[in-house]
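Step one of this worksheet: look at the structure below.
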Amino acid sequence: MNPKLSQLLGSIDVVRRQLREDSPVSSLITDSRRVVPGALFFAIGGLRTDGNLFVEEAVDRGAVAVITEEDLGQHFPIDYVQVVDVRKALSLVSRQFYDAPDAKLGITGITGTNGKTTVSMLTQHLIGGQDVVGLLGTIRYDLGKRTLPSFRTTPESVDVYALLSQMVANGCREAVMEVSSHGVDQMRTYGVEVDVAAFLNLTQDHIDYHKSMESYYEVKKRLFTGETGRCPRAAVINVDCSYGRRLLTELPAGVDVTTFGIEAEDALVRAEEVSLLPDGTEFRLTWPEGQARVTSPLLGRYNASNLLAALAIARAKGHGIESILKRVASFPGVPGRMERIDEGQNFNVLVDYAHTDDAVVHACSMLREITSGRLIVILGCGGDRDRSKRAPMLRAALDGADEVFVTSDNPRTESIEQIFADMREAAGSEAAHYVNDRKHAISLALDLAQTGDCVLIAGKGHETYQEFDGTVIPFDDRHVARDLIRMKDFC
Ligand SMILES: CC(=O)N[C@H]1[C@@H](OP(=O)(O)OP(=O)(O)OC[C@H]2O[C@@H](n3ccc(=O)[nH]c3=O)[C@H](O)[C@@H]2O)O[C@H](CO)[C@@H](O)[C@@H]1O[C@H](C)C(=O)N[C@@H](C)C(=O)N[C@H](CCC(=O)O)C(=O)O
Ligand SMILES: Nc1ncnc2c1ncn2[C@@H]1O[C@H](COP(=O)(O)OP(=O)(O)OP(=O)(O)O)[C@@H](O)[C@H]1O
């Protein structure tokens, strides 16, 4: 039995309601092109266009009502509700429509510039595994019995609640969510009852959207302060990061805090004696319950930090040290994160999702430590996204590697030459190889590699496409590298 519109309005801030029919609502839709008879249409003012321009289309397609921030007037042909904030209304109505699935799940929300996917998948593994712990993230949505490919790191609120309700129906009692800053800002997680919120780090990214690091931080902070509708029960915070330290002082009273860190001596959960090995990472874990040796196949110092984050979250959720540690070593890794391409060649090839300058710095310094020969990096920058990170990303690669190939990485509607020009600002007279075609760039880099060298193909990780001016073509760094290595017969 579909609920009537009036039953869905709950606690939303209403300016005016014009309910003549108060019809049952069969679906919640934000895109007029997807409206079907019985739908409730939310007219959202966006960055590119305004959903209010399409209310007539929604009516023509059979919507029973509209929720909007506009006054549509008393002659508007169907029911409508004028609200203060349509995105907030979308979240709250969705929660009501799907019967508050978040309240039936212990939800962990993970935010930070880098590492969200890694920590989310690690946490899922440590606290029970893919079959019983739901996951919403950049790579996939695990819903208990089934898995869908992800279409957004943090989907629109109506999808968040729909997916959480499927997890509940499939028997999950826990869920882990990556919470992107776009997601928080656009209220995609508004109202979600978060049990544990984790803060990993904050470095430059998405400045095109947030305008400054300060407002980027302020948006992430909302996950911890109740500004997303509810305060989390517990917070897990990286105190190696200065923004994490600051967050610690700005938390509301009553939130149970667990700090973690490698450098920070006052961290509750700490890694000491970190060893970076060619095939993994080892460290001594110290936390209030004691100490233990942790060995993981994940590469690099930043993954020691990611491991600590997941261990601290599992602890905050009440899991005992024995059961957590047993599962650490069996974590299969994250697709496209330092994924090794091994066709028997006599040099290392790794595909990694590093697409911020901080991630490139960490990736290069980590690979340096485990590479006897030269480090060769291939990278590009996405079009229609944060231009200010382009020069720093190339700078990081030039500083960290011996040879750098600059190439395409989803130029979208921008010209590759323009993206190269932005990146080149960092290069000065230093030489990088500029090769428009990504496959050709990978091929040239592989030709250059000799015994003991390492080739890092950065930026796309698990992605399986490139986007050129609205045309999406299949492209997977891992398949391309494998095919080239076999063809060139390096083995
Ligand atoms: C920059 C950004 O976040 N944009 C989001 C924003 O888009 P927008 O403001 O441009 O929307 P718009 O195109 O102006 O449309 C406004 C409204 O009109 C509606 N419309 C539009 C056309 C029409 O014919 N009929 C109609 O009803 C649209 O459905 C929409 O509701 O609102 C849309 C609807 O809520 C989102 O889908 C869209 O995400 C876009 C697709 C996106 O790419 N977002 C990325 C940047 C993002 O969110 N990424 C983060 C991860 C970031 C990271 O950490 O790497 C993520 O969580 O995935
Ligand atoms: N803790 C970390 N600190 C710095 N860099 C990291 C960290 N963890 C991962 N990285 C780098 O960032 C890349 C992306 O990692 P991951 O996918 O886990 O992060 P993410 O936050 O989910 O990214 P996105 O939001 O862009 O999808 C990795 O491939 C690696 O190069």
Side-chain angles (χ1 to χ4, degrees), residues 29-35 41-58 61 63 66 86-87 90 110-122 136-139 150-160 177-189 200-203 205-206 208-210 216 220 238 240-241 262 298-310 333-339 350-367 379 382 384-386 396 412 456 458-463 467:
I29 303 288
T30 58
D31 186 332
S32 57
R33 293 162 291 193
R34 291 175 48 215
V35 167
F41 176 63
F42 290 79
I44 297 175
L47 299 173
R48 287 172 305 182
T49 183
D50 185 344
N52 286 289
L53 298 172
F54 307 102
V55 288
E56 273 178 32
E57 183 184 359
R61 285 176 176 274
V66 175
V86 67
R87 284 192 181 277
L90 175 63
I110 297 175
T111 200
T113 307
N114 293 306
K116 294 183 295 299
T117 305
T118 307
V119 175
S120 299
M121 292 174 92
L122 251 170
L136 299 185
T138 307
I139 296 185
S150 165
F151 47 84
R152 189 82 65 245
T153 296
T154 307
E156 191 53 89
S157 55
V158 58
D159 299 315
V160 166
M177 284 177 67
E178 287 185 47
V179 182
S180 69
S181 54
H182 293 81
V184 173
D185 195 48
Q186 293 169 23
M187 312 259 180
R188 299 180 200 161
T189 60
L200 305 182
N201 48 58
L202 193 84
T203 56
D205 204 5
H206 307 309
D208 56 331
Y209 183 87
H210 296 292
Y216 183 27
K220 290 223 179 271
N238 180 0
D240 284 341
C241 169
I262 302 173
L298 295 181
L299 291 172
R301 199 173 177 80
Y302 63 80
N303 271 323
S305 176
N306 291 339
L307 278 158
L308 279 183
V334 182
R337 275 55 175 179
M338 285 300 160
E339 188 172 331
L350 292 144
V351 168
D352 188 65
Y353 197 42
H355 58 274
T356 66
D357 59 317
D358 187 57
V360 174
V361 168
H362 284 99
C364 289
S365 68
M366 185 269 282
L367 292 174
L379 86 169
D384 305 337
R385 296 282 189 276
D386 196 352
R412 300 191 179 85
L456 169 66
K460 296 190 63 60
H462 65 287
E463 288 178 0
E467 196 183 325

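Note that these values count all heavy atoms, side chains included, but never hydrogens, waters or copies made by symmetry. These numbers were taken from a predicted model, which means no experiment stands behind them. Positions are given from 1 along the sequence. As the structure lists them, so they are numbered: ligands from 1, and atoms in each ligand from 1.
- When only non-hydrogen protein atoms are considered, atom 4 (N) of ligand 1 lies nearest to Q186 NE2, 3.9 Å.
- For atom 35 (O) of ligand 1, the nearest non-hydrogen atom of the protein is E156 OE1, 2.4 Å.
- Protein heavy atom in closest approach to atom 57 (O) of ligand 1: S180 OG, 2.6 Å.
- Scanning all protein heavy atoms for the shortest distance to atom 15 (O) of ligand 1 gives T49 CG2, 3.5 Å.
- The part of F41 lying near ligand 1 is the side chain, judged by heavy-atom distances below 4.0 Å.
- Here the options are T153, N306, T138, the test is side chain to side chain donor-acceptor pair (under 3.5 Å), and the partner is T117; only T138 passes.
- Under 4.0 Å from ligand 1, not a single heavy atom of E178 appears.
- For the residue pair T113 / Y216, a side-chain donor-acceptor distance below 3.5 Å is found, with atom types taken as modelled.
- No side-chain N or O of R385 forms a donor-acceptor pair with one of H206 less than 3.5 Å apart.
- In this structure, ligand 2 sits under 4.0 Å from heavy atoms belonging to T113, N114, G115, K116, T117, T118, T138, E178, N201, Y302, N306, R337, D352, Y353, A354, H355, D358, A359, H362.
- Within the 4.0 Å heavy-atom criterion, the part of H182 lying near ligand 1 is the side chain and not the backbone.
- Ranking the protein heavy atoms by distance from atom 7 (O) of ligand 1 puts R48 NH2, 4.4 Å first.
- At a heavy-atom cutoff of 4.0 Å, ligand 1 is contacted by no atom of M187, backbone or side chain.
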